[in-house]
Visitor: 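Following this message is one structure expressed as structure tokens.
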Amino acid sequence: MYNEIKEFSYHIGWRNRGRHPGRHASTQRGMGMEFIGHTTLVAYPDPRRIDLRQTIRDPMEQVYVRLFNQKSATPVFAICDMSGSMNFGAQTRKIRRAADIVESIARSASRNADPFGFVGFDEVVREDWISTASFKPQRAIELMERLKEHHPQMVSGDGIADVWRYLPRERSLVFMVSDFHMPLKQLEEALANLLKHHIVPVVLWDADEYKSLPEFGITAVTDPESGMKRTLFLRKEYRDRIIAAFEARREAIYKLFMQFDMPPFFVEGEFDADTLTEYFHQFVAA
């Protein structure tokens, strides 16, 4: 339910250019409290900002006004993987957990007076799963209620290559929510197209994908890229290789994101909004 979704705190480490008032440092002149200098009344005709002391000091008898930067809104987006592997989950399907996380992002953006938008993709960008950026998050929240009940088809996540086309030109805070089981080369190419934005990779894994396998016997495992299930006869050695492969994959994903200066936020189990707040304190300069 909506009321059960917890918000988190975030901040950005750059000055945006947004004209809409908000809570983030910006380059826009306005009615903010950040003093940046003086100019003449002719150059900036705002009598409310006249500085009498500076005006009296000028031998040329120019009238001076104080200049301030306002705080502005920053677009916030969530890009969500809806490919086949996101249907996995022993207790809670990854796609449902993703919907909860995106709803938390939408609510947090609304509290920060930021516009929020959503882009879903599987083998293509799903235009039926897009919510354009808005200061009113209700449409996105309603979309997340649908996403919680959605069962992805057994298709790839190739659409990640095109999500950049659906983001604004201005720098935005973008959360990428996925298990990132697509080929690393494909992921690298997608990230290269997103460099002008601030990307927060939210990596959704489920321990039952690899840690809860039996040491001996027949079991069904899910292919991490396609989402297809296979039946295997497991022995301890084979089980250990599967676990090692997942751990190697985790390390490879981490190294790839860090090459782009995008520290990943891993979620394995329940989502804790407070840990995402801590992530911003740790990795994003105020």
Side-chain angles (χ1 to χ4, degrees), residues 7-79 104-119 131-140 164-176 191-200 260-263 265 273-274 276-286:
E7 300 170 7
F8 59 91
S9 297
Y10 65 88
H11 55 273
I12 63 174
W14 74 92
R15 292 182 178 274
N16 67 43
R17 300 179 181 179
R19 296 185 178 275
H20 197 284
R23 298 185 180 182
H24 306 288
S26 77
T27 59
Q28 290 293 329
R29 294 176 182 175
M31 298 301 293
M33 299 299 292
E34 183 187 3
F35 176 70
I36 59 172
H38 292 91
T39 190
T40 64
L41 182 62
V42 173
Y44 192 75
D46 186 351
R48 296 170 298 178
R49 298 293 193 178
I50 290 177
D51 188 328
L52 292 177
R53 182 175 297 180
Q54 187 71 16
T55 298
I56 293 172
R57 289 174 178 171
D58 184 17
M60 303 301 293
E61 298 183 348
Q62 296 253 36
V63 178
Y64 283 85
V65 295
R66 298 186 186 95
L67 292 178
F68 295 84
N69 277 347
Q70 72 172 21
K71 288 186 177 293
S72 298
T74 294
V76 178
F77 278 81
I79 298 171
S104 177
I105 297 168
R107 292 186 63 190
S108 301
S110 179
R111 185 188 63 184
N112 258 8
D114 290 329
F116 174 78
F118 175 82
V119 179
S131 178
T132 56
S134 172
F135 287 95
K136 297 180 179 179
Q138 193 55 41
R139 168 171 162 71
W164 65 275
R165 304 178 188 275
Y166 294 80
L167 298 176
R169 291 184 178 180
E170 63 182 302
R171 193 176 192 196
S172 305
L173 176 60
V174 180
F175 295 83
M176 297 183 69
L191 295 178
N193 286 325
L194 293 167
L195 287 177
K196 75 175 181 178
H197 300 292
H198 183 108
I199 306 297
V200 178
F260 290 92
D261 196 23
M262 302 173 184
F265 177 73
D274 291 336
L276 192 47
T277 297
E278 294 171 5
Y279 169 95
F280 277 92
H281 286 306
Q282 181 178 0
F283 294 112
V284 183

Visitor: Which atom names give the shortest non-hydrogen contact between K196 and R169, and what distance separates them?
Guide: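 Minimum heavy-atom separation between K196 and R169: NZ-O, 2.8 Å.
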Visitor: Could you tell me whether the side chain of T40 reaches within less than 4.5 Å of the side chain of Y64, counting heavy atoms only?
Guide: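 Yes, at least one pair of side-chain atoms sits under 4.5 Å.
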Visitor: So, for P115 and A133, which heavy atoms are closest and what is the spacing to 0.1 Å?
Guide: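 What the structure gives for the nearest pair is CB-CB, 4.3 Å.
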Visitor: Quick check: are there more than 12 heavy atoms from other residues, nucleotides or ligands sitting under 6.0 Å from CG of D261?
Guide: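 No - once you tally the heavy atoms of other residues, nucleotides and ligands closer than 6.0 Å, there are 12 at most.
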Visitor: Taking all non-hydrogen atoms of both residues, which atom of T55 and which atom of Q62 are closest, and how far apart?
Guide: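 Heavy atoms only, the tightest pair is CG2-O, 3.3 Å.
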Visitor: Hey, does F280 have a side-chain heavy atom less than 4.5 Å from the side chain of F8?
Guide: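 They are in contact (side-chain heavy atoms under 4.5 Å apart), so the answer is yes.
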Visitor: Just wondering, do L173 and H11 contact through their side chains at under 4.5 Å, heavy atoms?
Guide: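 Side chain of H11 against side chain of L173, heavy atoms only: no contact under 4.5 Å found.
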Visitor: Do you know the tightest heavy-atom contact between E170 and H197?
Guide: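 For E170 and H197, the tightest heavy-atom pair comes out as O-CE1, 3.3 Å.
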Visitor: Once rounded to the nearest 0.5 Å, what's the spacing between atom CZ of F77 and atom CZ of F116?
Guide: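 Going from CZ on F77 over to CZ on F116, the span is 8.5 Å.
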Visitor: Do you know which two heavy atoms are closest between S104 and A273, and how far apart they sit?
Guide: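 Answer, listing the atom of S104 first, then A273: OG-CB, 4.4 Å.
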Visitor: Could you pull out the closest heavy-atom pair between A73 and A113, with the gap in Å?
Guide: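 Reported closest heavy-atom pair: CB-O, 3.4 Å.
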Visitor: Quick one, F175 and V76 - any side-chain contact, counting heavy atoms below 4.5 Å?
Guide: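 Answer yes - side chains close enough.
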Visitor: Are any non-hydrogen side-chain atoms of I12 and R171 less than 4.5 angstrom apart?
Guide: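 Side-chain contact under 4.5 Å: no.
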Visitor: Using a 4.5 Å cut-off on heavy atoms from C-beta on, say whether the side chain of T74 contacts that of H198.
Guide: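 Sidechains of T74 and H198: no contact.
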Visitor: Could you measure the distance from the CG atom of D51 to the CG atom of D58? Nearest 0.5 Å is fine.
Guide: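 Going from CG on D51 over to CG on D58, the span is 11.5 Å.
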Visitor: Is there a side-chain contact between I79 and I199 in this structure, where contact means two heavy atoms from C-beta onward sitting under 4.5 Å apart?
Guide: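 SC-SC contact between I79 and I199 ruled out.
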Visitor: Does some side-chain heavy atom of L194 sit less than 4.5 Å from a side-chain heavy atom of V174?
Guide: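 With C-beta onward as the side chain, the pair stays apart.
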Visitor: Where do T277 and E7 land on the side-chain contact (heavy atoms from CB on, under 4.5 Å) test, with the steps shown first?
Guide: CA-CA 9 Å; T277 297; E7 300 170 7; over 6 Å; no
